[in-house]
Structures are given as C-alpha cells and as structure tokens.
Amino acid sequence: MTKRVAILISGGGSNMVSLVESMTGDHPARACLVMANSENAGGLAKASALGMDTDFVDHRPFKGDRAAFEEVLHDRILQAQPDIVCLAGFMRVLTEGFVSKWQGRMLNIHPSLLPKYRGLHTHARALEAGDAYHGCTVHEVTPELDDGPILGQARVPVLEDDTPEVLAARVLEQEHKLYPAVLRRFAEGDRTPVKIGF
Ligand code: GAR
C-alpha cells in the first residue's frame with residue numbers, strides 16, 4: 001500500500017519541494033499534504049504550484065500555549081490521513097504529547113551532523129568550532145529536541161573562506177539529496193542509515 005506523507009514547513013520549503021518531487025513513479029509513498037504554521041510560509045505557494053493540498057495553522061493566536069496549538073494542528077493533519085509526517089524546516093518545538101502521537105512515524109531534518117549542534121545557528125557553531133566537516137541529519141522525532149534514532153547523514157567539507165551562509169548553502173544542497181533518500185527507505189520499512197559524503 002502506498003504510504004501517505006504530510007510535510008510540515010515554516011519557511012521557503014526547499015526540502016519540501018525535493019520530497020514532493022521525489023515521490024513519483026514506483027516510489028512507495030505520495031505526498032498528501034503540505035502544512036505550515038503561518039499563512040506567509042513561502043513554501044505554501046510552491047506546494048500549490050506542485051498541485052499539493054496545503055493548509056496552515058497560525059501558532060501566534062495560541063500565545064505560547066503549545067499544547068492548544070498542536071491539538072488543532074494534529075486534527076488538521078489527520079484530515080489528510082498520513083502514514084508518515086516529515087518535518088522540513090518546521091521551526092516550532094513540539095511537546096511530548098504531540099510527538100508521542102506520531103512516534104515512529106515522524107521524521108525531521110536538522111542542519112548539523114547530530115549529535116553535534118542541536119538547536120539553532122548550527123553553521124556558525126560548526127565554523128566557530130573549527131570543524132573540518134559539517135552536514136545534515138535526518139532522524140526519527142522523539143520528545144528530546146533534535147534527538148532520536150538517526151536515519152541518515154550527509155557530510156560536506158568546511159572550506160577556509162566559508163561564512164555561515166556559504167556553508168549553509170553547501171549543506172542545503174545535500175539536504176535535498178538526503179531527505180528523499182531516507183524517506184524512500186523509511187517508507188519501504190528499511191531504517192538502515194543513509195550515508196552521503198563519508
Ligand atoms: C533547512 O536547512 C533545515 O535543515 C532547517 O531549516 C531549513 C529549512 O529550509 N531546519 C532546522 O533548522 C530545524 N531545526 P527549507 O524551508 O528551504 O527546506
């Protein structure tokens with residue numbers, strides 16, 4: 001049975017586009033919904049242009065009540081009946097209650113070689129640390145932030161004149177390869193980590 005995939009975004013949605021575009025032909029999954037936490041997420045227009053159903057739940061009226069926001073979010077995601085939820089630049093921290101509803105079925109991409117640099121400003125932190133390599137990770141979402149079983153990593157070299165922006169662009173290019181590769185395996189029931197650039 002073809003798996004249904006909901007993709008959650010907050011911003012430009014370049015990872016979302018690479019995921020949606022990968023799910024064609026004999027791929028074991030299809031994208032069923034692109035959901036954002038703001039009407040203004042740039043990725044929503046890109047998703048519509050790809051023929052996707054889109055929706056958003058603005059987190060701001062909930063004034064920091066994450067559980068209340070997530071209750072509405074969860075109901076709206078359920079309407080699309082997804083088997084898998086992919087966080088793709090979804091910048092809201094999720095509560096344990098929400099995560100537990102999707103545990104084992106929710107993936108996230110993070111722009112660092114986890115367990116290094118959980119949280120924000122990962123590229124600047126890798127540069128500050130003088131790392132020779134940086135990269136991105138796709139992992140199963142568990143209640144702990146940017147934690148959970150690693151399903152794939154892509155590694156890039158850090159170059160001498162890198163700025164956080166230049167390094168971020170090099171990593172993002174790999175994100176667009178890594179996330180579709182991991183999702184395909186995951187949808188096939190294979191959790192062997194994908195490795196790119198090692
Ligand atoms: C990506 O680099 C993704 O790894 C990062 O946000 C960017 C979203 O770009 N995610 C996180 O930092 C999550 N903590 P996109 O909207 O173009 O896919």
Side-chain angles (χ1 to χ4, degrees), residues 4-23 31-80 82 84-99 101-102 105-112 114 117-125 135-148 151 154 164-165 167-169 171-180 182-183:
R4 294 169 62 80
V5 178
I7 304 170
L8 273 54
I9 63 168
S10 295
S14 69
N15 276 289
M16 174 277 296
V17 170
S18 72
L19 288 173
V20 170
E21 288 182 338
S22 74
M23 287 183 262
C32 62
L33 174 69
V34 173
M35 166 68 79
N37 63 299
S38 164
E39 191 176 7
N40 301 321
L44 286 177
K46 292 180 195 163
S48 296
L50 288 166
M52 290 300 309
D53 284 344
T54 64
D55 196 0
F56 69 91
V57 180
D58 189 339
H59 66 275
R60 287 169 303 183
F62 295 92
K63 299 188 193 304
D65 185 344
R66 288 196 282 155
F69 163 65
E70 290 169 350
E71 203 170 306
V72 177
L73 185 70
H74 183 64
D75 281 350
R76 299 268 280 277
I77 295 171
L78 275 187
Q79 287 176 17
I84 298 169
V85 172
C86 287
L87 306 181
F90 188 68
M91 303 306 279
R92 307 306 305 165
V93 175
L94 298 166
T95 68
E96 184 165 2
F98 183 85
V99 170
K101 289 180 182 145
W102 295 102
R105 300 184 294 149
M106 184 157 64
L107 311 184
N108 178 46
I109 188 155
H110 183 73
S112 78
L114 290 173
Y117 314 130
R118 296 188 168 102
L120 299 174
H121 311 302
T122 57
H123 310 298
R125 288 156 71 196
C136 50
T137 302
V138 176
H139 63 96
E140 248 179 68
V141 178
T142 54
E144 205 65 37
L145 182 70
D146 298 329
D147 202 16
L151 299 168
E165 293 73 25
L167 182 54
V171 171
L172 190 62
E173 208 176 298
Q174 296 306 310
E175 294 185 38
H176 298 159
K177 295 182 183 145
L178 179 68
Y179 212 169
V182 169
L183 177 62

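As a basis for the values below, the full set of heavy atoms in this structure was taken, side chains included, without hydrogen atoms, waters or symmetry mates.
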Check: [X] side chain, [Y] main-chain N or O, donor-acceptor pair, under 3.5 Å:
| X | Y | value |
| --- | --- | --- |
| R76 | F56 | yes |
| S22 | P180 | no |
| E70 | T95 | yes |
| R125 | L120 | yes |
| R66 | V93 | yes |
| T122 | P111 | yes |

Take V99 and M106, measure what side-chain contact (heavy atoms from CB on, under 4.5 Å) needs, and give me the verdict at the end. CA-CA 8 Å; V99 170; M106 184 157 64; 4.2 Å; yes
Return the minimal non-hydrogen interatomic distance between [X] and [Y], and the atom names on each side.
| X | Y | result |
| --- | --- | --- |
| P164 | H123 | O-CB, 3.7 Å |
| A31 | V20 | CB-CG2, 4.0 Å |
| D53 | C32 | CB-O, 3.8 Å |

Could you tell me if the side chain of [Y] sits less than 4.5 Å from the side chain of [X], heavy atoms only?
| X | Y | result |
| --- | --- | --- |
| V5 | C86 | yes |
| M35 | I77 | yes |
| L107 | V141 | no |
| F62 | V57 | yes |
| L151 | E140 | yes |
| L183 | I84 | yes |
| L33 | L8 | no |

Rounded to the nearest 0.5 Å, what's the gap from [atom1] on [X] to [atom2] on [Y]? Could you check?
| X | Y | atom1 | atom2 | value |
| --- | --- | --- | --- | --- |
| N15 | I109 | CG | CD1 | 4.5 Å |
| S14 | H176 | OG | NE2 | 3.0 Å |
| I9 | S38 | CD1 | OG | 9.5 Å |
| T137 | Y179 | OG1 | OH | 12.0 Å |
| L178 | C136 | CG | SG | 5.0 Å |
| F90 | I7 | CZ | CD1 | 13.0 Å |

With side chain to side chain contact (heavy atoms under 4.5 Å, CB included) as the test, pick out the partner of N108 among L87, V138, L94.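 Among L87, V138, L94, the one meeting side chain to side chain contact (heavy atoms under 4.5 Å, CB included) with N108 is L87.
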For the residue pair H74 and F98, categorise the inter-ring angle as parallel (less than 30°), tilted (30 to 60°) or perpendicular (more than 60°).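 Plane angle over 60°, so perpendicular.
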Consider only side-chain N and O atoms of N37 and S10, and report whether a donor and an acceptor are under 3.5 Å apart.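 Their side chains do contain a donor-acceptor pair, which is all the 3.5 Å distance test asks for.
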